[in-house]
Amino acid sequence: MDNLLNYTLEELKVWMKENGESEFRGKQILSWIYKGINQFDNMRNIPKSLISKLNENFIIDLPKIIEVYKSDIDGTEKFLLGFKDGNLIESVLMRYKHGNSICISTQVGCRMGCKFCASTLEGRIRNLTTGEILSQVLVVQNHIDERISNIVLMGSGEPLDNYENVVKFLEVVSAEYGLNIGQRHITLSTCGIVPKIYELADKEYSITLAISLHAFSDEKRKEIMPVANKYSIDQILEACRHYINKTNRRITFEYALVKEVNDSREDAKALGKLLKGMLCHVNLIPVNEIKENTYKRSSKKSIDDFSEILKSYGIEVTTRREMGSDINAACGQLRRSYMETQEMREE
């Protein structure tokens with residue numbers, strides 16, 4: 001049976017018409033789902049005959065919450081979610097003064113191979129469907145019984161490697177009939193799949209595009225990001241300029257600072273020269289240390305120096321505040337540790 005969460009309102013209207021039902025029923029059904037009702041039988045204003053058809057043709061497929069870890073430091077909650085096929089993903093709820101933000105996954109695993117990321121260690125298992133991406137927001141929102149107002153597509157997976165499902169998700173989650181989360185409250189992070197950046201630009205969404213850059217030169221970037229072997233920094237920046245011209249939206253460049261790898265004053269100056277004059281800002285990210293590599297976090301002084309140098313080039317800079325440091329809130333860490341524990345139990 002189809003997962004109803006994969007359907008847009010227009011697609012559901014078409015289904016209604018083809019099955020002898022009034023099109024307006026589609027909006028009624030979706031309004032129930034986005035209010036947290038996950039059983040067709042509980043939709044009170046839907047005729048029993050239609051409920052019967054819905055039960056025969058659709059499911060509202062939400063993942064099961066396997067584990068929830070809550071930080072004692074800042075209230076960040078990390079959710080390990082399980083799908084019916086046995087695959088696991090992670091979503092992270094972060095609480096800010098301006099509202100609740102969720103970091104969601106777009107794939108099970110990832111094939112991009114970035115050396116500082118735990119999500120990519122087993123490669124990509126499969127893409128998530130539109131409904132599976134959306135379901136993360138719904139299941140967490142239902143669990144906390146509070147509205148989520150900001151979304152970051154920065155969990156496991158490369159969003160532009162699952163382009164069609166991600167684009168459909170962006171349209172559904174921001175629609176008035178859906179969760180009605182404004183596109184300006186959505187950030188999509190990519191390691192830089194150049195052709196898809198052009199495609200996304202031409203849609204002229206008002207989301208924030210974040211580019212995982214992490215180096216100022218192709219040589220240095222290749223050391224930590226295999227995608228750099230396919231797309232050069234010049235190609236990425238050219239695509240970013242096209243994106244800015246089409247959308248008039250500022251680009252965010254993410255830069256994970258790794259001790260003695262890309263955090264020197266010379267690195268900062270080179271990055272400043274590279275980005276000077278572009279409509280952008282840089283988000284410095286103290287790298288998350290994972291046991292599978294030797295990367296170490298930069299010192300506070302190195303981070304502060306790096307930030308001040310970029311500012312001297314007229315570039316806006318923020319340093320990401322670490323959230324949930326006591327619960328392994330970085331991408332892929334919880335899923336991987338859970339799988340390792342299960343394997344040990346089976347031995």
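What's counted below: heavy atoms across the whole structure, side chains too, no hydrogens, waters or symmetry copies. The structure presented is a predicted model; accordingly, all values stated were derived computationally and were not measured.
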Take a 6.0 Å sphere around CG of Asn45 and say whether it holds more than 12 heavy atoms from other residues, nucleotides or ligands. yes
### Task
Give a yes or no on this: more than 12 heavy atoms of other residues, nucleotides or ligands lie within 6.0 Å of atom NZ of Lys64.
no
### Message
Tell me whether Asn262 contacts the main-chain N or O of His214 through its side chain, where contact means a donor paired with an acceptor under 3.5 Å.
### Response
yes
*Does the pair Glu132 and Arg126 meet the rule for a salt bridge (Lys or Arg N to Asp or Glu O under 4.0 Å), with working shown?*
CA-CA 12 Å; Glu132 288 172 333; Arg126 68 171 177 85; 2.9 Å; yes
Hphob cluster co-occupancy, Leu12 + Ile60, side-chain heavy atoms under 4.5 angstrom: yes
Pair Lys220-Glu223, salt bridge (Lys or Arg N to Asp or Glu O under 4.0 Å): steps then yes or no: CA-CA 5 Å; Lys220 185 162 283 196; Glu223 292 177 16; over 6 Å; no
NZ (Lys273) with more than 12 external heavy atoms under 6.0 Å: no
Check: For Ser302 and Asp305, does a side-chain donor sit closer than 3.5 Å to a side-chain acceptor?
Finding: no
Donor-acceptor pair, side chain of Asp218 and main chain of Ile233, under 3.5 angstrom:
yes
Looking at Ser71 and Ile73, would you say the former's side chain and the latter's main chain have a donor-acceptor pair under 3.5 Å? yes
Rounded to the nearest 0.5 Å, the CG atom of Leu179 sits from the CG atom of Leu134 at a distance of 6.0 Å
Rounded to the nearest 0.5 Å, the CG atom of Asp161 sits from the CD atom of Gln107 at a distance of 4.5 Å
Distance-only polar pair, side chains of Trp32 and Asn42, donor-acceptor under 3.5 Å: no
Q.
Under the criterion side chain to side chain contact (heavy atoms under 4.5 Å, CB included), I'd like the reasoning laid out for Leu5 against Val172: C-alpha separation, chi angles, the key distance, then a yes or no.
A. CA-CA 9 Å; Leu5 298 179; Val172 170; over 6 Å; no
Is there a side-chain contact between Ile224 and Val258 in this structure, where contact means two heavy atoms from C-beta onward sitting under 4.5 Å apart? no
Side-chain donor or acceptor of Asn142 paired with backbone N/O of Val139 under 3.5 Å:
no
Is the backbone N or O of Ser206 less than 3.5 Å from a side-chain atom of Gln183, with the two atoms forming a donor-acceptor pair by type?
yes
Take Glu56 and Lys53 through the test salt bridge (Lys or Arg N to Asp or Glu O under 4.0 Å) and record every step on the way to the result.
CA-CA 5 Å; Glu56 290 172 4; Lys53 290 181 184 178; over 6 Å; no
* Would you say Lys168's side chain and Asn6's backbone share a donor-acceptor pair under 3.5 angstrom? -> yes
One should read off an interatomic distance between Phe79 CZ and Lys70 NZ, to the nearest 0.5 angstrom, of 9.0 Å
**Study point:** Worked check of salt bridge (Lys or Arg N to Asp or Glu O under 4.0 Å) between Lys269 and Glu266
**Key:** CA-CA 5 Å; Lys269 290 174 184 176; Glu266 290 70 29; 5.2 Å; no
Report yes or no: does Glu67 contribute a side-chain atom to a donor-acceptor pair with the main-chain N or O of Leu80 at less than 3.5 Å?
no
Could Lys259 and Asp263 be called an ion pair, given the rule that one side-chain N must be under 4.0 Å from one carboxylate O?
-> no
Evaluate the ring planes of Phe306 and Tyr255, with Trp represented by its six-membered ring, and classify them as parallel (under 30°), tilted (30 to 60°) or perpendicular (over 60°).
tilted
Notebook entry, point to check: Between the side chain of Arg147 and the main-chain N/O of Gly99, is any donor-acceptor distance below 3.5 Å?
Noted result: no
Pair Thr208, Arg249 - check side chain to side chain contact (heavy atoms under 4.5 Å, CB included), show working. CA-CA 7 Å; Thr208 296; Arg249 296 284 290 162; 3.1 Å; yes
dist Ile125:CD1 -> Ile89:CD1 (nearest 0.5 Å) comes out at 13.0 Å
**Report entry** Between Glu254 and Ser189: side-chain donor-acceptor atoms closer than 3.5 Å
**Finding:** yes
Checking Ile193, Val227, Leu153 against Glu158 for side-chain contact (heavy atoms from CB on, under 4.5 Å), the one that qualifies is Ile193
### Under 3.5 Å donor-acceptor, Gln28 side chain and Ile46 backbone
no
d(Asp267 CG, Ser217 OG) to nearest 0.5 Å is 8.0 Å
Within the supplied structure, the quantity of interest is the number of heavy atoms (other residues, nucleotides, ligands) at a distance under 6.0 Å from Glu204 CD; does it exceed 12? yes
d(Asn38 CG, Asp61 CG) to nearest 0.5 Å is 10.5 Å
Do any N or O atoms from the side chain of Thr76 and from the backbone of Met94 form a donor-acceptor pair under 3.5 angstrom? no
